[in-house]
Student: 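Supplied in structure tokens, the structure appears directly below.
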Amino acid sequence: MKLSRNLTLAAAVATCVLALAACKPIEKDAAAGDKADAKADAAEGAAGKIEGLPTEKQQISYMIGMDIGKSLKPMKDEVDMATLQRAINDVFADKKPLLNDEQAMKVMQAFATKMQAKQQEEMAKKQAEMEAQGKKNLEAGAKFLAENGKKPGVTTTASGLQYQVVTEGKGPKPKATDSVKVHYTGTLLDGTKFDSSIDRKEPAQFVLNSVVPGWTEALQLMPVGSKYKLWIPANLGYGEQGTPGGPIPPNATLVFEVELIEIVKQ
């Protein structure tokens, strides 16, 4: 956490605005006309009419407040808004602050240490939760694949990939270095859909060896024109990390319906 960045955001915003203004030349011939436009903007607000913020000054003030609020939100439980407002008022009124520079630095350092410890604690908690979820998903996936592999029409390869031929095409099979065009739908074992080129109404195109190992292996088994159903174990998919912040949890077994449309000529 860069505490100083959050605490000096208002100054940074003001500095950026002033720098942009300084870098924009004003042509002499346009100055007279611009004065009238500037007066209109100041009366109405630079961004035009905004409900609740009729003037430019109010719009700028609210914009700065939004940025400060966004920066302080992660530590909102540590901030007393009344005291924060008091400090701002004291600075604006040139009153003697309640903290001298040395005291302010000590408070800042202690707060930074506290927030860093809190962040590390939260990260450790999330990591433990992720590991527990990963273990559960790995066990569920192994159990599912063991049963699924016994079903008629399901083939299990040496790597653990499982597939079922829905439609067998008659075209050539791609190599790992080929670029292919496919339509697909991907789901988790519980049926949750996490991606679909069909929903986007646009096939996906990629080099075969640039995707997860389960896809690289499976599509080399498919003649062009084929449609297969794939079951990809976690180690051939996104592994114990899944897609952090995304739709695929750790150690998830993935289910795909894939149609190989063509091998794209380079």
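For reference, positions follow the sequence shown, starting with 1.
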Student: Verify, without hydrogens or angle tests, whether Gln59 (side chain) and Leu53 (backbone) share a donor-acceptor contact under 3.5 angstrom.
Tutor: yes
Student: Okay, side chain of Ser197, backbone of Tyr184: is any donor-acceptor separation there less than 3.5 Å?
Tutor: yes
Student: Would you please test Lys229 and Val255 for side chain to side chain contact (heavy atoms under 4.5 Å, CB included) and show each step?
Tutor: CA-CA 7 Å; Lys229 188 168 185 177; Val255 184; 3.7 Å; yes
Student: Hey, is Lys106 close enough to Glu102 for a salt bridge, meaning N to O under 4.0 Å?
Tutor: yes
Student: When clusters are formed by joining ILVMFWY residues with side-chain heavy atoms under 4.5 Å apart, either directly or through shared neighbours, do Leu84 and Ile64 land in the same one?
Tutor: yes
Student: Are His183 and Lys227 packed together at the side-chain level, in the sense that at least one heavy-atom pair is separated by less than 4.5 angstrom?
Tutor: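 Side-chain contact under 4.5 Å: no.
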Student: So which heavy atom on Asn251 is nearest to which on Lys135, and how close?
Tutor: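 Nearest heavy atoms, Asn251 then Lys135: ND2-N, 4.4 Å.
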Student: Counting distance only, does the side-chain N/O of Gln162 pair as donor-acceptor with the main-chain N or O of Leu145 below 3.5 Å?
Tutor: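 Flag set: sc Gln162 to bb Leu145 pair under 3.5 Å.
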Student: Does the side chain of Arg86 reach to within under 4.5 Å of the side chain of Asp90, using non-hydrogen atoms?
Tutor: yes
Student: Any ion pair linking Lys150 and Glu147 (charged N to carboxylate O, less than 4.0 Å)?
Tutor: yes
Student: Roughly how far, to the nearest 0.5 Å, is the CG atom of Leu254 from the CG atom of Leu236?
Tutor: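 One gets 10.0 Å once the value is rounded to the nearest 0.5 Å.
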Student: Output the distance between atom CG (Asp77) and atom CE (Met75), rounded to the nearest 0.5 Å.
Tutor: 11.5 Å
Student: Roughly how far apart are Glu56 CD and Ile50 CD1, rounded to 0.5 Å?
Tutor: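 One gets 11.0 Å once the value is rounded to the nearest 0.5 Å.
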Student: So, does Gln103 use its side chain to make a donor-acceptor pair with the main chain of Asn100 at under 3.5 Å?
Tutor: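 Yes, because the side chain of Gln103 sits within donor-acceptor range (under 3.5 Å) of the backbone of Asn100.
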Student: Please find the pair of heavy atoms, one from Pro203 and one from Ile261, that lie closest to each other, and give the distance.
Tutor: CB-CD1, 3.8 Å
Student: Spell out, as yes or no, whether a donor-acceptor pair under 3.5 Å connects the side chain of Ser226 to the backbone of Leu260.
Tutor: no
Student: What residue among Glu129, Glu131, Lys125 forms side-chain hydrogen bond (donor to acceptor under 3.5 Å, both in side chains) with Gln127?
Tutor: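 That would be Glu131.
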Student: Taking Thr192's backbone N and O only, do any of them form a donor-acceptor pair with Asp190's side chain (distance below 3.5 Å, no angle check)?
Tutor: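 Looks like yes, one N/O pair under 3.5 Å.
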Student: Report yes if the distance between the aromatic ring centroids of Phe194 and Phe256 is under 6.0 Å, otherwise no.
Tutor: yes
Student: Does Asp199, at its CG atom, have more than 12 non-hydrogen atoms belonging to other residues, nucleotides or ligands within less than 6.0 Å?
Tutor: yes
Student: Membership question, hydrophobic clusters at under 4.5 Å side-chain separation (ILVMFWY): are Phe144 and Leu230 in the same one?
Tutor: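 No, Leu230 and Phe144 fall in different hydrophobic clusters.
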Student: Without swapping roles, check the side chain of Asn137 against the backbone of Pro250 for a donor-acceptor pair under 3.5 Å.
Tutor: yes
Student: Assess, by modelled atom type and distance only, whether the side chains of Tyr228 and Glu168 contain a donor and an acceptor separated by less than 3.5 Å.
Tutor: yes
Student: Is Trp231 linked to Val212 within one hydrophobic cluster, defined over Ile, Leu, Val, Met, Phe, Trp and Tyr using a side-chain heavy-atom separation of less than 4.5 Å?
Tutor: no
Student: Would the number of heavy atoms belonging to other residues, nucleotides or ligands and lying under 6.0 Å from CZ of Phe206 be above 12?
Tutor: yes
Student: Under the side chain to side chain contact (heavy atoms under 4.5 Å, CB included) rule, what do Lys118 and Glu122 come out as? Steps first, then yes or no, please.
Tutor: CA-CA 6 Å; Lys118 185 177 180 180; Glu122 290 175 352; 3.7 Å; yes
Student: With rounding to the nearest 0.5 angstrom, report the CD1 to CD distance, Ile232 to Glu217.
Tutor: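 Taking CD1 in Ile232 and CD in Glu217, the distance rounds to 9.0 Å.
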Student: Under 4.5 Å between side-chain heavy atoms, hopping through other hydrophobics if needed: is there a path connecting Met222 to Val182?
Tutor: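 Yes, Met222 connects to Val182 through the hydrophobic network.
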Student: Walk me through whether Gln205 and Val264 qualify under side chain to side chain contact (heavy atoms under 4.5 Å, CB included).
Tutor: CA-CA 8 Å; Gln205 182 176 322; Val264 181; 3.7 Å; yes
Student: Distance from Thr187 atom OG1 to Asp195 atom CG, nearest 0.5 Å?
Tutor: 11.0 Å
Student: Tell me whether the count of non-hydrogen atoms from other residues, nucleotides or ligands lying under 6.0 Å of CD in Glu240 goes above 12.
Tutor: no
Student: Are the side chains of Gln120 and Gln116 in touch, meaning some heavy atoms are under 4.5 Å apart?
Tutor: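 Yes, at least one pair of side-chain atoms sits under 4.5 Å.
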Student: Check whether Leu98 and Met81 end up in the same hydrophobic cluster, where Ile, Leu, Val, Met, Phe, Trp and Tyr are linked by side-chain heavy atoms less than 4.5 Å apart.
Tutor: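 As far as the 4.5 Å side-chain criterion goes, Met81 and Leu98 are not connected within one cluster.
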Student: Nearest heavy-atom pair of Leu221 and Lys173: which atoms, and what distance?
Tutor: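 Between these two residues, the closest heavy atoms are O-CE, 3.5 Å.
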Student: Does some side-chain heavy atom of Glu78 sit less than 4.5 Å from a side-chain heavy atom of Lys114?
Tutor: yes
Student: For the residue pair Pro213 and Gly237, what are the closest heavy atoms and their distance?
Tutor: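 Here Pro213 and Gly237 meet closest at CD-O, 4.4 Å.
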Student: Quick check: closest heavy atoms across Val258 and Leu219, and the distance to 0.1 Å?
Tutor: CG1-CD1, 4.1 Å
Student: Please find the pair of heavy atoms, one from Gln220 and one from Ala176, that lie closest to each other, and give the distance.
Tutor: OE1-N, 3.4 Å
Student: So, taking the atom named CE in Met115 and the one named CE in Met108, what distance separates them when rounded to the nearest 0.5 Å?
Tutor: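 Going from the CE atom of Met115 to the CE atom of Met108 covers 13.5 Å.
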